[in-house]
Amino acid sequence: MYCLEFSTSEFDPSRVLRLDTETYVEFVTLGDSDRGVFPQFWAYGPEREALASRLETVPEVLAVSKDAVHDDRVRYEVRWDDDWNRRLTYIARLIRESDATFLFGRADRTLWKFLLRSDSSSALADLYADCAVSPHRVEHRSPRQAHAFLTGRERTA
């Protein structure tokens with residue numbers, strides 16, 4: 001498995017989300033042709049509820065709704081203006097073209113991180129070399145490191 005990381009400043013949704021230091025989002029899809037890019041995410045932290053009203057005022061957001069609300073998180077459905085969200089669309093296309101599988105993503109105030117699975121390290125090297133969004137970084141992750149990335153805690157067994 002591999003972790004692909006980008007600076008928050010490189011993604012247009014970061015400007016709209018304006019996450020505080022304790023709020024982050026997690027997502028299990030980069031989207032598809034029917035729903036667009038970054039259609040659904042979970043928000044955690046103190047601003048998780050206020051995010052909806054912020055998104056409703058942004059012209060690049062065509063629609064937003066809270067799908068599920070729990071004590072510690074809120075799941076949002078968002079329809080973005082596709083022309084506006086070009087960098088994330090570009091990254092999603094690069095991942096698909098490299099035959100990698102997107103497993104999970106997390107974004108906070110400083111980084112967007114994508115956990116990918118690929119049977120070919122050369123395909124990931126090509127993705128890294130071809131990527132026009134910088135700064136970026138690709139790192140190999142062991143199963144233990146991937147588990148920590150997904151859960152936020154180290155696996156003991």
Side-chain angles (χ1 to χ4, degrees), residues 1-98 100-117 124 127-128 130-139 141 145-154:
M1 283 177 261
Y2 299 85
C3 184
L4 182 59
E5 294 182 357
F6 296 92
S7 168
T8 298
S9 64
E10 295 300 316
F11 289 105
D12 297 320
S14 299
R15 179 183 56 79
V16 173
L17 294 172
R18 292 189 322 265
L19 301 172
D20 69 13
T21 56
E22 297 176 33
T23 303
Y24 61 96
V25 297
E26 293 181 340
F27 44 101
V28 294
T29 181
L30 285 176
D32 55 40
S33 58
D34 294 332
R35 296 189 311 158
V37 174
F38 194 50
Q40 188 177 67
F41 58 87
W42 287 96
Y44 297 81
E47 290 193 336
R48 66 186 176 276
E49 292 277 350
L51 202 50
S53 58
R54 186 180 311 143
L55 290 171
E56 288 170 349
T57 65
V58 175
E60 297 87 358
V61 174
L62 304 176
V64 61
S65 64
K66 292 180 185 179
D67 270 3
V69 178
H70 297 278
D71 290 340
D72 64 336
R73 64 195 182 279
V74 176
R75 186 175 66 201
Y76 288 94
E77 280 277 342
V78 180
R79 205 170 95 235
W80 304 89
D81 179 342
D82 288 336
D83 290 335
W84 170 76
N85 204 1
R86 291 176 192 258
R87 284 196 172 133
L88 199 51
T89 302
Y90 169 74
I91 297 300
R93 183 179 54 76
L94 271 183
I95 291 170
R96 279 192 307 275
E97 289 175 357
S98 71
T101 303
F102 174 83
L103 300 174
F104 185 78
R106 180 176 291 143
D108 60 25
R109 190 176 193 155
T110 60
L111 287 174
W112 282 69
K113 298 178 183 183
F114 304 92
L115 187 64
L116 310 174
R117 183 175 47 100
L124 262 293
L127 183 152
Y128 179 80
D130 294 343
C131 188
V133 178
S134 60
H136 62 280
R137 182 169 73 181
V138 176
E139 291 183 347
R141 296 286 169 107
Q145 291 168 321
H147 180 269
F149 178 85
L150 293 170
T151 64
R153 60 185 178 274
E154 290 291 326

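Sequential numbering from 1 along the given sequence is applied to the chain's residues.
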Smallest separation among heavy atoms of Val28 and Phe104, with atom names: CG1-CD1, 3.9 Å
Listed partners of Glu49 passing salt bridge (charged side-chain N to carboxylate O under 4.0 Å, His left out), at least two apart: Lys66
CG-CG distance between Leu111 and Leu4, expressed to the nearest 0.5 angstrom: 11.0 Å
Backbone of Asp71 reached by a side-chain donor or acceptor of Arg48 within 3.5 Å: yes
Minimum-distance pair of heavy atoms, taken over all atoms of Pro46 and Asp20: CG-OD2, 3.6 Å
From Arg96 atom CZ to Ile91 atom CD1, the distance as rounded to the nearest 0.5 Å: 11.5 Å
Interatomic spacing from CG in Asp67 to CD in Glu77 - rounded to 0.5 Å: 4.5 Å
Phe102 and Leu116: CA distance, side-chain angles, deciding distance, side chain to side chain contact (heavy atoms under 4.5 Å, CB included) verdict: CA-CA 5 Å; Phe102 174 83; Leu116 310 174; 4.1 Å; yes
Side-chain donor/acceptor of Tyr24 to backbone N/O of Leu19, under 3.5 Å: no
Ser53 to Thr57 - nearest heavy-atom pair and separation: O-CG2, 3.4 Å
Asp108 CG to Glu26 CD distance, which is reported to the nearest 0.5 Å: 10.5 Å
Which atom of Phe41 lies closest to which atom of Leu55, heavy atoms considered: CZ-CD1, 4.2 Å
Interatomic spacing from CZ in Arg117 to OH in Tyr2 - rounded to 0.5 Å: 12.0 Å
Residue from Tyr76, Trp112, Phe114 passing ring-ring contact (aromatic ring centres under 6.0 Å, His included) with Phe38: Trp112
Which atom of Gly36 lies closest to which atom of Pro39, heavy atoms considered: O-CD, 3.7 Å
Reported OG1-to-CZ distance for the pair Thr21 and Arg109, which is rounded to 0.5 angstrom: 6.0 Å
Beyond-backbone contact of Ile95 with Leu30, side-chain heavy atoms, under 4.5 angstrom: yes
For the student: nearest non-hydrogen atoms of Ala68 and Trp42, plus distance: CB-CH2, 4.0 Å
Flag side-chain contact, heavy atom, 4.5 Å: Trp80 against Leu62: no
Any donor-acceptor pair under 3.5 Å from Arg18 side chain to Arg54 backbone: no
